[in-house]
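So the structure is just underneath, and the comments pick up after that.
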Amino acid sequence: MPFKQLYSKLLSYFGFRDWWPGDSKLEICIGAILTQQTSWSNVERAIEKIKSNGYMNLERLAYLDISSLENLVRSTGFYKTKARYLQGFCKYVLEHYKSLDNLLSKPYEELRKELLGISGIGRETADSIILYASEQLSFVVDAYTKRVLKRVYGIEENDYEYIKALFESLIDKDLDLYKDFHAQIVELCKNICKSDPICSICPISSYCLYNRSELNTKKIKESH
DNA sequence: AACCAGGAGAGAG
DNA sequence: CTCTCTCATGGT
């Protein structure tokens with residue numbers, strides 16, 4: 001299928017996703033770190049805990065004792081690691097920029113390089129923060145993006161920067177498009193490819209190049 | 001009851 | 001640069 005049709009098909013099926021869910025830029029950054037290798041429902045609990053206890057705040061997170069922070073983010077798994085990541089991020093921002101907005105207002109190249117230098121922020125997390133919190137063009141690549149590339153276009157590629165550049169070269173430079181494209185891919189892989197009987201109404205199923213014998217996970221094998 | 005989720009870092013080769 | 005290991009809770 002022509003690449004341009006991929007997004008329009010997804011959009012017409014799922015509707016505009018209005019990503020990223022979150023009431024503030026800080027919440028988006030924290031969610032981006034907490035959702036690493038973790039389902040979003042588990043992240044929501046942690047974010048609600050942080051908010052209801054009054055800790056959705058750069059300074060308070062930075063100086064909260066680590067064991068209390070671990071307890072707040074326990075539901076996201078890897079909680080000891082993620083507590084350190086979160087606090088490290090908050091302390092870094094405070095010490096170097098005083099406020100989150102000061103960091104996020106930096107231009108793309110500098111911002112991305114700097115985010116990648118912070119422990120716990122890899123490429124996907126950095127790009128999520130740039131796109132959804134800083135609101136600059138930066139296509140987010142995740143496991144789902146790779147899966148769609150493989151299944152719809154037969155491209156089996158693992159190089160993050162290559163895939164990112166590929167998408168960015170093919171789509172219009174529009175902020176809402178960047179945001180929603182990634183959201184649509186997640187929506188597709190989460191709700192369609194995963195659950196069994198839906199495949200018949202999958203918006204792009206007729207374009208998938210691969211049949212069940214060539215898919216990599218058991219659940220996807222069953223649905224296609 | 002295995003299997004996996006919107007990854008990242010550290011170490012080895 | 002490319003593997004491989006580790007981190008760990010909660011849903012199916």
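Treat the numbers as computed from the prediction; the structure is a model and nothing was measured. Each chain gets a letter, A, B and so on, in the order its sequence line appears, and its residues count up from 1.
Taking every side-chain heavy atom of A:D142 into account, B:dG6 is the closest of B:dG6, C:dC7, C:dT9. With distances taken from any side-chain atom of A:N42 to the nucleotides B:dG6, C:dC7, C:dG10, the minimum falls on C:dG10. You'll find that the side chain of A:S39 is closest to B:dG6, out of C:dG10, C:dC7, B:dG6. You'll find that the side chain of A:Y79 is closest to C:dT9, out of B:dA8, C:dT9, B:dG6. For A:Y85, whose side chain is taken as the heavy atoms from C-beta onward, the closest listed nucleotide among B:dG6, C:dT9, B:dG9 is B:dG9.
Within the 4.0 Å cut-off from OP1 or OP2 of C:dA8, not a single side-chain nitrogen or oxygen of A:T76 is found. A:R147 has a side-chain polar atom (N or O) that falls below the 4.0 Å cut-off from OP1 or OP2 of B:dA5. Considering only side-chain N and O atoms, A:R45 lies under 4.0 angstrom from the phosphate OP1 or OP2 of C:dG11. A:Q36 has no side-chain polar atom (N or O) that falls below the 4.0 Å cut-off from OP1 or OP2 of B:dG7.
Heavy-atom nearest nucleotides on DNA chain B were determined for A:L116 and for A:H182, and the one closer to the 5' end corresponds to A:H182. Toward the 5′ end of DNA chain C lies the nearest nucleotide of A:Q37, the other residue of the pair A:Q37 and A:S41 mapping further downstream.
Both geometric conditions, a ring-centre gap below 5.5 Å and a plane tilt below 30°, are fulfilled for A:W19 over the base of B:dG6.
Separation of the C1' atoms belonging to B:dA5 and C:dC7 is 14 Å when rounded to the nearest angstrom. Spacing between C:dG10 and B:dA8 at atom P, rounded to whole Å, works out to 22 Å. Taking atom C1' in both B:dG6 and C:dC5, the straight-line distance is 22 Å, to the nearest Å.
In this structure, A:Y144 atom OH and B:dG6 atom P are separated by 3 Å, rounded to whole Å. In this structure, the CD atom of A:E44 is 12 Å from the P atom of B:dG6, given to the nearest Å. Spacing between atom OH of A:Y160 and atom C1' of C:dT2 amounts to 19 Å, rounded to whole angstrom units. Taking atom CG of A:L131 as the reference point, atom P of B:dG6 lies 18 Å away to the nearest angstrom. Atom CZ of A:R123 is separated from atom P of C:dC1 by 9 Å (rounded to the nearest Å). Remark: C1' of B:dA10 and CZ of A:F78 are 15 Å apart, rounded to the nearest angstrom. Look at CD1 on A:I185: it is 11 Å from C1' on B:dG6, rounded to the nearest Å. Atom CD1 of A:I129 is separated from atom P of B:dA8 by 10 Å (rounded to the nearest Å).
Ring centroid separation for the pair A:F3 and A:F167 comes in under the 6.0 Å cut-off.
Cation-pi check for A:R74 over A:Y79 is met; the charged atom lies under 6.0 angstrom from the ring centroid and within 45 degrees of its normal.
Under 3.5 Å, the side chains of A:S138 and A:K164 contain a donor-acceptor pair of N or O atoms. Counting only N and O atoms by type, the side chains of A:S68 and A:N71 include no donor and acceptor under 3.5 Å apart.
At the heavy-atom level, A:I121 lies under 4.0 Å from the strands shown only through sugar-phosphate atoms. Heavy atoms of A:K80 sit under 4.0 angstrom from primed sugar atoms or phosphate atoms, though from no base atom. Contacts of A:L34 with the nucleic acid, taken as non-hydrogen atoms under 4.0 Å apart, are absent. As judged by a 4.0 angstrom heavy-atom cut-off over every strand, A:S128 is placed among residues making no nucleic acid contact.
Residues satisfying the side chain to side chain contact (heavy atoms under 4.5 Å, CB included) test with A:K146, not counting sequence neighbours, are A:V141, A:N158, A:I163.
Nearest heavy atoms, A:E59 versus A:N57: N-OD1, 2.9 Å. Nearest heavy atom pair, residue A:K82 against residue A:L34, reads NZ-O, 2.8 Å.
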